[in-house]
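Data first, discussion second: the structure below is written as structure tokens.
Treat the numbers as computed from the prediction; the structure is a model and nothing was measured. All heavy atoms count here, side chains included; hydrogens, waters and symmetry mates do not.
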Amino acid sequence: MSNHTPILRTLLLGATIIAGTAGVSALAQVPPADQPPGNGNATVSPGTPTPPQDAFSPPSPNAPQAPGVNAANIPDGPPAEPSEATPMVEQVTANPAHDDWPGYGRDDKATRFSPLDQITPSNVSHLKRAFIYHTGSKPAPGQVNKWAAETTPIKVGDGLYMCSAMNDMMRIDPATGKEVWHFHANEKYDSIPYTAACKAVVYYTSSTVPEGEHCHHRILEATLDERLIEVDSEDGKVCEGFGWHGMVNLMKGMGESVPGFVAETAPPPIVNGAIITNQEVLDGQRRWAPSGVIRGYDAETGRFLWAWDVNRPHEHGEPKEGEHYSRGTPNSWAAMIGDNALGLVYVPTGNSAADYYSAMRSPEENKVSSAVVAIDVKTGEPRWVFQTVHKDVWDYDIGSQPTLMDFTKPDGSSVPALIMPTKRGQTFVLDRRTGEPVLPVEERPAPSPGMVPGDTRAPTQPWSVGMPRLGFAPLKEADMWGMSPIDQLYCRLKYRRAHYVGEFTPPSIDKPWLEYPGYNGGSDWGSVAYDEKTGILIANWNNTPMYDQLVSRKKADKLGLMPVDDPNYKPGGGGAEGAGAMAETPYGIVVSPFWDEYTGMMCNRPPYGMITAIDMHTQKVLWQHPLGSARANGPFGLPTHLPLTIGTPNNGGPVITAGGLIFVAATTDNMIHAFDIHTGREVWNDVLPGGGQATPMTYEYKGKQYVAIMAGGHHFMMTPVTDDLVVYALDNVN
């Protein structure tokens, strides 16, 4: 029996497991060549399904491009200039103004730290809603809900800028929420394969357009339908000198695809004048899915600069006519970060297509999957690679944005470092010049050789022994938990039925296996926050196992699993965050939370979500406790309305302020929380109109500090979906 109190035994998380891997993706749908997009009024053309393939071999690089998803829709414009011509410009985030939040992670190190100190633990109780702004993006009547905005606004000068879940961009007044302009991207519902999300827009100042002229200051986004779009920050009209009428088609060279296969939801960083793009590729579809290629484009003109294509490692140009980037390669869907001084962009990668089967992957793919790859922004050539999981078949792709810091060694010397959180709860600290660990990393024996014929596992896996782990001990049968003794017994039987030998338990065909941490364990796309002055790192994280099983192709067909580009595909027939066809491999995959599917309760005992403070000077935990209450969660998805903090699944990151506060939402209790950074004590909270699955931000305008959170909710976390940006300020400050 569980040793939790009786009241805890009555609690259940209605949304016990959450999305956050590379599942949200969509296909480029762009205006035909004879119709200019104008102010975003682009028409959309459907893609052509990829014909089913019987052989387990990659498609020919000369395979025809699919109509409606290639460069024919947006003319290429003038030929690309050599990458050396890329201007060296100062980025807006290099030295952000005291009152601004000009980038997704605020500054050019993605610290999520603000120097504002008007709001403190002693006065935060006076925080009240200043305004609510509605983006206008939410499901229409009759539409299946696929919304999860995940948006963090940015603030520069007199403008608060953001994107909607469907890629509309807008500028609003920072004090009142009054809309100044609204750019309509005209995304179509069919572009959403799994989740409609847009994490942030990017602010850019031109080095070639004089101040005072149109598009000197610009707002940039990458879209679900694979476009780069630049608009003027003052009026929201497209920058005609960028790409084709303000847009660049990112489907050029990608080959065959359909709506729902690839998309962009993270803000593309601009490093030394180069826009760096990555894209999500929908999980669980087929071995030869669209490419995970990373590309650079000129921020002034939109001209193509280079590509890093894993299986074409030394070919940095675009594919020739009729060819495409190598398919099925590891994709990157997390927010990237760059270092202007070093001329590098840091790319967190995932694993190759067909996440749970690795026998068909190339040596080049195995070297760079589930890794941090540092790429030269002039040439597209990798400088170094640090791998966090070898031969990943657990969907441990990296969802977090790296955070940059200056690490002080015991001898007093400083190292330019990079903090890389992972889903495993392992946090790696690396020298960002070389990729060498700054804090110790050990290669420890891992379960091997594996249980799938021809698919051996790596003999060792990396462990960051120099940092505290964001996780708990391996599962035991005694840890099984339930609302009643019957529920607990059921979970014990599930535990006994599964194969489990600890972390990195190999996939199995004959019976399920337990994946712990699960693919949404540890840190995901919310990333971490870091205060350079105090050395305090804040991370919120998950504790949610998964229950997986490989199935034969015959069984996969019987279950109705098919890839999204199959002409017979129907919604719910397999895809991200669940069962997947993994076509063109011998197996399909069935994935579910490790739960009692009758009540919807996780089989491992709470907490399921945590928040931790780490002193980076000593690498010791300062405090740690569950994050999230049971108020909106309960058995069978029914809310208990109890304020008991049990720790809920969470998605969205924390921010730190110089006022000594941490602001974080993320939890399935639909609340935003404020904590005293020194003690971990919760000092304020508010119930949001929707789920707070986003990272908050804070800014100052005309002497008043504001805190903003997108309460857009999350369809898979089962939190209420809205189009509400909620902004707070102190009620006693004029």
Side-chain angles (χ1 to χ4, degrees), residues 21-22 278 281 292-294 308-311 313 326 328-334 336-337 344-376 381-403 417-450 455-467 469-471 503-504 506-507 515 517 519 521-524 527:
T21 62
N278 59 357
V281 180
V293 62
I294 307 297
W308 176 57
D309 185 3
V310 171
N311 284 330
S326 54
T329 51
N331 72 95
S332 170
W333 59 273
M336 300 176 285
I337 189 72
L344 296 176
V345 63
Y346 302 102
V347 181
T349 69
N351 46 23
S352 300
D355 299 71
Y356 298 90
Y357 180 70
S358 66
M360 299 169 66
R361 298 173 188 170
S362 70
E364 290 78 14
E365 292 172 67
N366 282 330
K367 290 176 184 176
V368 300
S369 66
S370 300
V372 188
V373 182
I375 297 177
D376 189 310
E381 189 73 20
R383 292 260 196 94
W384 55 259
V385 177
F386 179 86
Q387 195 163 55
T388 65
V389 180
H390 306 318
K391 291 194 71 177
D392 183 2
V393 287
W394 302 274
D395 198 16
Y396 285 153
D397 50 352
I398 302 179
S400 295
Q401 182 181 33
T403 294
L418 175 150
I419 303 169
M420 190 69 262
T422 69
K423 293 180 180 181
R424 293 176 53 211
Q426 298 288 319
T427 304
F428 297 93
V429 182
L430 312 173
D431 186 324
R432 65 179 186 264
R433 299 167 299 185
T434 65
E436 293 295 320
V438 173
L439 293 173
V441 174
E442 290 181 359
E443 286 287 335
R444 293 183 176 177
S448 63
D455 194 10
T456 58
R457 305 273 43 87
T460 65
Q461 294 288 353
W463 292 73
S464 179
V465 296
M467 283 287 288
R469 180 160 192 194
L470 304 178
E503 189 165 345
F504 299 112
E515 179 191 336
Y519 64 60
S523 297
D524 208 344
S527 310

Please check if the side chain of Thr329 supplies one atom and the backbone of Gly292 the other of a donor-acceptor pair under 3.5 Å.
yes
Partners meeting side-chain hydrogen bond (donor to acceptor under 3.5 Å, both in side chains) with Glu443 (sequence neighbours left out)
His390, Thr460
Donor-acceptor pair between Asp309 and Ser326 side chains, under 3.5 angstrom:
yes
When you look at Met420 and Ile398, which way does the side-chain contact (heavy atoms from CB on, under 4.5 Å) test go after all the steps?
CA-CA 9 Å; Met420 190 69 262; Ile398 302 179; 3.3 Å; yes
Give a yes or no on whether the backbone of Ser370 and the side-chain of Thr388 come within a donor-acceptor separation of less than 3.5 Å.
yes
Those residues at least two apart in sequence (or on a different chain) that pass side-chain hydrogen bond (donor to acceptor under 3.5 Å, both in side chains) with Ser358 are Asp455, Arg457
side-chain hydrogen bond (donor to acceptor under 3.5 Å, both in side chains) with Arg361: which residues, sequence neighbours excluded?
none
How far does OG1 of Thr403 sit from CG of Leu418, to the nearest 0.5 angstrom?
8.0 Å
Could you give all pairs that pass the salt bridge (Lys or Arg N to Asp or Glu O under 4.0 Å) test and reach residues 381-392, with sequence neighbours left out?
Asp376-Arg383
Side chain to side chain, Trp308 and Val373, heavy atoms closer than 4.5 Å:
yes
Write out all pairs satisfying ring-ring contact (aromatic ring centres under 6.0 Å, His included) with one or both partners inside residues 431-450, taking only residues at least two apart or from two chains.
none
Taking all non-hydrogen atoms of both residues into account, name the closest pair between Asn331 and Val281 and its distance.
OD1-N, 3.6 Å
Output every pair passing ring-ring contact (aromatic ring centres under 6.0 Å, His included) with a member in residues 349-368, not counting sequence neighbours, ordered by first then second residue.
Tyr357-Tyr587
Listed partners of Ser523 passing side-chain hydrogen bond (donor to acceptor under 3.5 Å, both in side chains), at least two apart
none
Short question: side chain of Arg469, backbone of Arg424 - any donor-acceptor pair under 3.5 Å?
yes
For Asp355, enumerate each residue passing the salt bridge (charged side-chain N to carboxylate O under 4.0 Å, His left out) test, keeping only those at least two apart in sequence or located in another chain.
none
Applying ring-ring contact (aromatic ring centres under 6.0 Å, His included) to Trp384 and not counting sequence neighbours gives Tyr346
Can you see which heavy atom on Ser369 is nearest to which on Thr349, and at what distance?
C-OG1, 3.5 Å
For a side-chain contact (heavy atoms from CB on, under 4.5 Å) check, start with the C-alpha distance between Phe504 and Arg444, then their side-chain angles and the critical distance, and finish with the verdict.
CA-CA 11 Å; Phe504 299 112; Arg444 293 183 176 177; over 6 Å; no
Those residues at least two apart in sequence (or on a different chain) that pass side-chain contact (heavy atoms from CB on, under 4.5 Å) with Thr427 are Ile419, Met467, Leu470
Closest non-hydrogen contact found for Lys423 with Asp524 is CE-OD1, 3.8 Å
Restricting to salt bridge (charged side-chain N to carboxylate O under 4.0 Å, His left out), what partner residues turn up for Glu365, sequence neighbours left out?
Arg287
